[in-house]
Amino acid sequence: MDKIQSIKGTHDILPYESEKWKDLEDIIYKTCDLFGFKEIRTPIFEKTNLFLRGIGEVTDIVSKEMYSWQDRDGSNLTLRPELTASVVRSYIQHNLKNQSSSQRLFYMGPLFRRERPQKGRQRQFHQFGVEAFGSENPEQDVEIISIAWHLLSLLGISNKVQLKINSIGSNECRKNYRKALLDFIKPNFNLLSEVSKVRFEKNPLRILDTKNPKEITILSDAPKISDYYTNEDKTHFQTILKFLGCLNIPYNIDLGLVRGLDYYTRTVFEFTSNSLGAQDALLGGGRYDNLVQDLGGKVVPGIGFAAGIERLLLILEAEKYNFKKHTPDIYFICIEQNAIQVMLSLSKKLREKNYIVVFDLLRRSLKAQMREANRFKVRYVLIIGQEELAHKKVTIKDLQKKVQYSYNQSDLFDFFNFKINS
RNA sequence: GUGGGUGUAGCUCAGUUGGUUAGAGCACCUGGUUGUGGCCCAGGAGGUCGUGGGUUCAAAUCCCAUCACUCACCCCA
C-alpha cells in the first residue's frame, strides 16, 4: 500500500509556522478594519458554471486548472480557483446592493488550482482579498490600492515591492480597440500560435500577453489601447494617478499589463516583488464593471484585488520580518505527586488572569523540567515540591534574573500583578 | 501539460573505484549524588538509504520505472 501523505502541491502548516500565519492574519484584519471593510466567508465549492461565466472560458484557470467533479445529482461542482466570482455571486444572491449602495468586503481563505507546483505556487494556496461594489469613481480605485499599500507598509515591505498599473479601458473603448486589433492581426493570423488563435476568437486582448518572441515582433506595431480610451477613460485613469501621487504611493504605468482574467475593465494593477522568483506577483487586481451584470445581477461597478498569503510570507521571511513570539509566561513544575491538584488549581487561576501557563505531563525530573522551561524561553518558573506543599508555599524562580523567591500560595497574584502588569 | 535538478536520522548533510553491524553536526532523551535551566562532559534513542523492479557473489552507490520535492516554461496570488 502507498504511503499516506499529503497531496502534491498541498502543505501542512506546522506549529511555529502557523504562528506566523496568525500574525499576518491579525495584521490583515486590522488593515481591513481601518478601511471599514467587512469580512465575507463563502463556501469552498460552487457550481462550475459560476467560474465559467465569471472568470472566462478561455482563461488558463478555467480551461486547465480547475478541480471539478460531478455530484451525485449530476450537477457540476468546482473547488473555487479564485474568490471574486464567489463574492459577486453572494452579493447578487443576498441582494447586498439593497442593504447599502456601496459595499466593502474582504475575504481570506484557501483556493485550488491544478498547476505544477513551484516557488510561490501550490495547488492549495491562500488568498486575502477585498472587493468594493457600487462606485465607479477613481477614489474607489485608489481606496482599494491604498488598502494594499497600507498593509504592505504595516508589514514593512512597501519599499520592497513595485506597483504596476494600467487601464484597459471601458466597454466602448475595448469594443473599438478589439476591432482595430483584429484588423491588425488578421493578415498574420496563420503565423499565430495555437493558443493565440483561440484567443483571437474569444478574447483578442490576451494575445498581447504572449511571451512568444515571434508574436511579440508581429505585435510591436499593433495599435495601442491607450489610443482608444474614451475621454472618460482618460480622465478616470489620470485622476487615479493624481490621487496616488497625493498619497505618495509610487507606481509605474505598464501598458502591457492585461491580466489573465476576463472580467477586468479599466483599472488593472499588480504589486510585484523580486524576492519571489519567477512568480513575482504577490498582489493583483482591478476593476470589473460588467461582472455583476454578467453573473445575473444589476449594473453595479466593482473593483478588488487578491494577495497571495504564501507569497506574502515568502517575502516577510526573505526580509527577516520580526514575527511575534508566542512564549508562555509561566512554566509550572511539580515535583511531588501529591501537589498536582494544587498545581492544577493555581494554573487555572493564573489563566483566568490571562497568564499563559504550561507544565510537564510526564512526571519528569526537576532537571528535565527546568531544561524544558529554559527551552521554551519562559521568564518565570513556579515550583511546588514536598516543602512547598507542607507550608502552602510556592517557589518562584525568575530565569532571567536568576533569583528565586518563596511565596504563600495565596499571595501568588500579588507577585505577578506587580511583576508582569506593572 | 513540458523541461532541468534532488531524494540517506526530526533538520543540515558526509558516505571514497559497488565490498563487513550506514556516519557526523544540530535537535531530542537520560545521567554528571540528595529539589534547580542555559555552558561543558558522558551515555542513549532514532534510518526498510523515497518506493518497486533489474544487473551482480555483493547495491545507499550501476540501470529502468514510479512517487515526491524543487526550479524554470505556460499562467497566475
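This is a predicted model, so every value here is computed, not measured. No hydrogens, no waters, no symmetry mates; every other heavy atom, side chains included, goes into these values.
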- Query: Salt bridge between A:Arg375 and A:Glu372, side-chain N to carboxylate O under 4.0 Å?
  - Reply: yes
- Go through the side-chain N and O atoms of A:Lys47 and A:Asn76 and say whether any donor and acceptor fall under 3.5 Å apart. no
- Message: Counting the atoms with a prime plus P, OP1 and OP2 as sugar-phosphate, which does A:Gly277 contact under 4.0 Å by heavy atoms, base, sugar-phosphate, or nothing?
- Response: sugar-phosphate
- Sugar-phosphate only, base, or nothing, as touched by A:Glu387 at under 4.0 Å among non-hydrogen atoms: base
- Message: Quick one about A:Gln140 and A:Glu143 (side-chain donor to acceptor, distance below 3.5 Å, no hydrogens or angles considered), yes or no?
- Response: yes
- Message: Regarding B:G35, can its base be found pairing with the side chain of A:Glu388 as donor and acceptor, where the two atoms are less than 3.5 Å apart?
- Response: yes
- May I ask which nucleotide in the shown strands pairs with B:A27, Watson-Crick or G-U wobble, both distances under 3.5 Å? none
- Compare the minimum distances between each of B:G38, B:A77, B:U36 and the side chain of A:Ala281, then state the nucleotide with the smallest one. B:A77
- Query: With respect to the side chain of A:Gln386, which nucleotide from B:C67, B:G35, B:A77 is positioned closest?
  - Reply: B:G35
- Quick one: which of B:C74, B:G38, B:C69 gets closest to the side chain of A:Lys8? B:C69
- Message: Show, in sequence, the C-alpha distance, side-chain angles and deciding distance for A:Leu79 and A:Trp69, and conclude whether the side-chain contact (heavy atoms from CB on, under 4.5 Å) test is met.
- Response: CA-CA 9 Å; A:Leu79 291 178; A:Trp69 71 98; 3.9 Å; yes
- Task: Assess whether one donor atom and one acceptor atom, taken from the side chain of A:Arg379 and the base of B:G37, lie less than 3.5 Å apart.
- Result: no
- With a 4.0 Å cut-off on heavy atoms, is A:Asp60 in touch with a base, just the backbone sugar-phosphate, or nothing at all? sugar-phosphate
- Pair partner, B:U55 [Watson-Crick or wobble, under 3.5 Å]: none
- Query: How far does the C1' atom of B:U34 sit from the matching atom of B:U12, given to the nearest Å?
  - Reply: 41 Å
- Message: Between A:Asp26 and A:Lys30, does any side-chain N to carboxylate O distance fall below 4.0 Å?
- Response: no
- Query: Nearest of B:C71, B:G31, B:G37 to any side-chain atom of A:Ser365?
  - Reply: B:G31
- Remember a base hit wins even if backbone is also touched, and classify A:Gln400 as base, sugar-phosphate or nothing at under 4.0 Å, heavy atoms. nothing
- Query: Closest to the A:Ala306 side chain: B:C73, B:A77, B:U36?
  - Reply: B:A77
- d(CG, A:Asp280; P, B:A77) in whole Å: 12 Å
- Query: Paired with B:U33: which nucleotide, if any, by Watson-Crick or G-U wobble criteria at under 3.5 Å for both distances?
  - Reply: none
- Query: Within the structure shown, what part of the strands sits under 4.0 Å from A:Arg121 by heavy-atom distance: base, sugar-phosphate, or nothing?
  - Reply: base
- Query: Does a side-chain N-to-carboxylate-O contact under 4.0 Å join A:Asp233 and A:Arg266?
  - Reply: yes
- Item | Distance between C1' atoms of B:A9 and B:G23 (Å, rounded) | 10 Å
- Query: Does a distance-only test, which skips hydrogens and angles, find a donor-acceptor pair under 3.5 Å between the side chain of A:Lys377 and the base of B:G37?
  - Reply: no
- Query: Does a donor on one side chain sit under 3.5 Å from an acceptor on the other, for A:Gln404 and A:Thr395?
  - Reply: no
- Query: Considering only the P atoms, how many Å lie between B:A60 and B:U48, rounded to the nearest integer?
  - Reply: 14 Å
- Task: Go through B:U36, B:U30, B:C75 for me and flag the one nearest to the A:Ile383 side chain.
- Result: B:U36
- Query: Between A:Arg379 and A:Asp329, is the closest basic N to carboxylate O distance under 4.0 Å?
  - Reply: no
- Message: Applying a 4.0 Å non-hydrogen cut-off, can you work out what A:Glu115 is touching in the nucleic acid: base, sugar-phosphate, or nothing?
- Response: base
- Between A:Asn374 and A:Ile335, which has a closest nucleotide on RNA chain B that is more 5'? A:Ile335
- Query: At under 4.0 Å between heavy atoms, what does A:Ala373 touch on the DNA or RNA strands: base, sugar-phosphate, or nothing?
  - Reply: nothing
- Query: Using the C1' atom in both, what is the distance from B:U20 to B:C29, to the nearest Å?
  - Reply: 30 Å
- Message: Base, sugar-phosphate or nothing for A:Leu399? Non-hydrogen atoms, less than 4.0 Å.
- Response: base
- Proximal nucleotide (of B:C75, B:A77, B:U70) relative to the A:Phe125 side chain: B:A77
- Message: Under 4.0 Å, counting only non-hydrogen atoms across every strand here, what does A:Leu366 touch: a base, just sugar-phosphate, or nothing?
- Response: base
- The answer to which of A:Ser6 and A:Arg311 contacts RNA chain B further toward the 5' end, by nearest nucleotide, is A:Ser6
- Query: So what does A:Gly285 hit on the nucleic acid, given a heavy-atom distance under 4.0 Å: a base, only sugar-phosphate, or nothing?
  - Reply: nothing
- Query: Think A:Arg113 has a side-chain N or O under 4.0 angstrom from the OP1 or OP2 of B:C75?
  - Reply: no
- Give one of base, sugar-phosphate or nothing for A:Gln404, where a contact means two heavy atoms less than 4.0 Å apart. base
- Task: Take atom C1' in B:U21 and the same atom in B:G47, then report the distance between them in whole Å.
- Result: 14 Å
- Can you tell me, in whole Å, how much space there is between the P of B:C69 and that of B:C74? 22 Å
- Query: Does the gap between the ring centers of A:Tyr251 and A:Phe271 come in under 6.0 Å?
  - Reply: no
- Query: Nearest to the side chain of A:Arg375 - B:U36, B:C28, B:A77?
  - Reply: B:C28
- Mate of B:G38 where both pairing distances stay under 3.5 Å, Watson-Crick or G-U: none
- Note on the structure: A:Glu65 atom CD is separated from B:A77 atom P, nearest whole Å, by 10 Å
- Just compare B:G35, B:C40, B:G1 and give me whichever is closest to any side-chain atom of A:Arg114. B:G1
- Find the partner of B:C74: check Watson-Crick (N1-N3 plus N6-O4 or O6-N4) and G-U wobble (N1-O2, O6-N3) distances, both under 3.5 Å, and reply none if neither fits. none
- Message: Distance criterion of 3.5 Å, no angle test: do you see the side chain of A:Arg116 paired donor-to-acceptor with the base of B:C73?
- Response: no
- Message: Using the side-chain heavy atoms of A:Gln279, tell me which of these nucleotides is nearest: B:A68, B:G32, B:C73.
- Response: B:C73
